[in-house]
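All remarks here apply to the structure that follows.
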There are 2 protein chains.
Amino acid sequence: MLTQAAEDYLKSIYKLQEKGGKVSTGILAEFLDVKPASATGMIKKLKSMNLVSHQRYQGVTLTDAGKAVALEIIRHHRLLELYLNKALGVPWDGVHDEAEKLEHVISEEVEARMDEILGYPTADPHGSPIPDKNGVVPEIQSIPMTDLQNGQSCVVAEVSDNDAALLRHLGSFNLYPGTAFKVIEVAPFDGPFTIDIAGQQAVIGREVAKNIFVNNVEPIDTV
Amino acid sequence: MLTQAAEDYLKSIYKLQEKGGKVSTGILAEFLDVKPASATGMIKKLKSMNLVSHQRYQGVTLTDAGKAVALEIIRHHRLLELYLNKALGVPWDGVHDEAEKLEHVISEEVEARMDEILGYPTADPHGSPIPDKNGVVPEIQSIPMTDLQNGQSCVVAEVSDNDAALLRHLGSFNLYPGTAFKVIEVAPFDGPFTIDIAGQQAVIGREVAKNIFVNNVEPIDTV
DNA sequence: AATTTATTTTAGGCATAACTAAATTATATA
DNA sequence: TATATAATTTAGTTATGCCTAAAATAAATT
């Protein structure tokens with residue numbers, strides 16, 4: 001059995017690996033809010049269990065076994081988030097923290113039952129893909145909202161899930177995955193976005209927009 | 001925040017206290033499968049937190065605060081057992097172990113949602129009473145099955161929950177809480193019970209019968 | 001009162017996981 | 001290429017938490 005800390009390291013390595021191949025000790029340490037020396041220690045431990053490969057000064061990579069564990073934890077997390085939200089009515093800004101604790105503890109049996117009850121879903125309440133039980137991650141096509149230009153319409157695909165206040169803010173505009181909106185105006189000099197959601201106007205700051213990813217983007221209005 | 005071990009000690013002290021007032025160090029240690037010295041250590045720790053009262057060589061008692069914690073954990077456990085069984089379809093012989101892990105981790109919010117969804121239940125799948133959120137434990141009237149005599153009919157009130165194999169065995173006879181049965185014969189010299197459940201006969205060994213508690217006991221057939 | 005039993009204290013072990021400080025290695029710059 | 005800077009690793013420390021064996025002490029029993 002793995003410790004909770006070990007599982008958290010594996011999950012983090014997976015996430016960081018997603019965006020840029022090899023994961024340096026420093027980046028990993030920063031992500032987990034520990035000192036680099038601590039990360040080195042855990043990396044050595046995980047390496048001795050053949051969950052990561054690592055050569056000094058070259059960064060870590062998950063082995064197949066390590067990736068399987070990481071995906072299992074992520075699957076737990078995302079299924080739990082969806083289950084908590086859909087079946088238990090926990091608001092979407094609260095599911096992350098709860099899932100963070102439960103993910104290390106639930107059995108495969110309970111996971112399978114939740115999966116079935118939810119109808120084998122492919123995305124959690126924030127739009128993040130749920131790996132299937134074989135570790136296959138559904139592809140989600142999306143671009144950052146900050147890439148949008150005036151007049152473009154689109155649908156929310158995914159939002160960052162780790163900031164409850166941000167989620168409450170987005171919720172107040174109904175900016176959930178699946179919600180369509182259109183860009184009315186992008187203020188110059190990296191300013192905020194004015195958008196139209198179901199006839200309602202809303203102003204979304206750029207820092208907030210960075211946490212929103214969209215798809216089904218329609219081409220710019222050309223008069 | 002309390003550690004999981006501390007919560008387990010409090011829960012154990014509560015259960016042992018139920019059956020006989022003060023709880024000795026030795027009994028507690030045996031119950032938790034640790035050495036007496038370990039129990040003494042934890043007792044000191046719990047005492048420093050005002051969760052138990054204790055004077056050397058005199059056994060432990062929960063304080064009001066300690067009792068509140070114990071009942072909260074027990075409430076978590078039993079609500080989880082029922083939720084896992086009813087809402088997620090986990091078989092009754094599997095819910096105990098799963099709840100044992102989850103009970104230390106779920107939030108009050110999730111607990112409240114489960115409680116509501118289950119309709120504010122008062123007993124878990126094994127018939128054990130679920131304390132309410134104020135720590136009030138519903139009374140369950142019952143006597144040991146081993147007190148029954150020939151010809152008496154009754155209803156299963158509660159069974160021990162910690163032995164999965166026993167639960168599967170009872171399940172094979174439909175001996176769930178709420179099930180009615182009648183004693184056909186009690187074999188002499190502390191022998192097994194032959195009972196009738198909905199027209200089916202079953203033989204229940206005495207060791208098994210010790211784990212079954214019944215109520216609604218009808219008087220003996222007097223011809 | 002002597003002996004047995006139970007409890008407590010003492011002293012120490014082990015596992016986990018973090019940290020600091022110093023040494024090492026890699027990378028960037030002059 | 002030499003040197004400065006940055007990143008990583010090593011080594012040793014600290015803290016938590018729970019456990020144990022052995023010795024000391026108290027309580028119960030004969």
Side-chain angles (χ1 to χ4, degrees), chain A residues 1-17 19-62 66 69-70 73 100-101 103-105, chain B residues 1-14 16-17 19-63 66 69-70 73 100-101 103-105:
Chain A
M1 263 310 310
L2 289 169
T3 62
Q4 183 166 326
E7 290 184 346
D8 285 337
Y9 271 89
L10 291 171
K11 194 171 65 162
S12 301
I13 294 166
Y14 178 85
K15 288 183 175 177
L16 293 169
Q17 203 168 267
K19 348 193 164 180
K22 287 229 187 82
V23 177
S24 75
T25 303
I27 295 284
L28 179 59
E30 192 191 352
F31 190 79
L32 284 161
D33 199 25
V34 296
K35 303 296 170 196
S38 307
T40 299
M42 182 60 87
I43 288 166
K44 285 172 83 169
K45 185 176 165 181
L46 294 173
K47 186 178 182 179
S48 78
M49 293 189 267
N50 285 310
L51 296 169
V52 300
S53 34
H54 178 247
Q55 16 209 17
R56 311 159 78 241
Y57 297 95
Q58 295 300 117
V60 250
T61 322
L62 294 174
V69 173
I73 306 295
E100 204 71 20
K101 295 178 298 175
E103 67 188 8
H104 303 289
V105 158
Chain B
M1 263 308 312
L2 289 169
T3 62
Q4 183 166 327
E7 291 184 344
D8 285 337
Y9 271 89
L10 290 172
K11 193 171 65 162
S12 301
I13 294 167
Y14 178 86
L16 293 169
Q17 202 168 269
K19 350 194 162 176
K22 287 231 186 80
V23 177
S24 76
T25 304
I27 295 284
L28 179 59
E30 191 191 354
F31 190 79
L32 284 161
D33 199 26
V34 296
K35 302 297 168 195
S38 308
T40 299
M42 181 61 86
I43 287 167
K44 284 174 81 170
K45 184 176 165 179
L46 294 172
K47 185 178 183 179
S48 79
M49 295 189 267
N50 287 309
L51 295 169
V52 300
S53 36
H54 177 247
Q55 17 210 15
R56 310 158 76 243
Y57 298 94
Q58 295 300 117
V60 250
T61 323
L62 294 174
T63 62
V69 173
I73 305 295
E100 204 71 21
K101 296 178 297 175
E103 66 188 9
H104 303 290
V105 157

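So you know, we letter chains A, B, ... as the sequences are listed, proteins then strands, and number each from 1. Quick note: numbers below take in every heavy atom, side chains included, and nothing from hydrogens, waters or symmetry partners.
- Interatomic distance, CD1 of B:I73 versus NZ of B:K11, reported as 7.5 Å (0.5 Å rounding).
- Rounding to the nearest 0.5 Å places CD of B:E103 at 7.5 Å from CD of B:Q4.
- Taking each heavy atom of B:K101 and A:V105 in turn, the nearest pair found is NZ-O, 3.0 Å.
- For the helix from C:dA1-D:dT30 to C:dA30-D:dT1, the rotation axes defined at the first and last 5 base pairs enclose an angle of 10°, given to the nearest 10°.
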Can you list, pair by pair, the side-chain donor-acceptor contacts under 3.5 Å of residues 23-42 of chain B, counting residues two or more places apart and other chains?
| residue | atom | partner | partner atom | Å |
| --- | --- | --- | --- | --- |
| B:S24 | OG | B:I27 | N | 3.1 |
| B:T40 | OG1 | B:P36 | O | 3.2 |

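- Contact check for B:H104 versus B:T3: no side-chain heavy atoms found under the 4.5 Å cut-off.
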Donor-acceptor list for residues 50-60 of chain A side chains, cut-off 3.5 Å, not counting sequence neighbours:
none

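- The two residues A:L2 and A:A6 make their nearest non-hydrogen contact at CD2-CB, 4.2 Å.
- Closest approach of B:A70 and B:L62 over heavy atoms only: CB-CD1, 4.1 Å.
- Listed by chain and residue number, nothing satisfies the side-chain hydrogen bond (donor to acceptor under 3.5 Å, both in side chains) test with A:K45 (two or more places apart in sequence, or in another chain).
- First and last contacts of DNA chain C with chain B, using any nucleotide atom under 4.0 Å from a protein heavy atom and ordered 5' to 3', fall at C:dT7 to C:dT9.
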Protein-proximity profile, nucleotides 4-18 of chain D, B/S/- by nucleotide at the 4.0 Å heavy-atom cutoff, equals ----BBB-------S

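- Taking OG from A:S48 and CG from A:L46, the interatomic distance works out to 7.5 Å, rounded to the nearest 0.5 Å.
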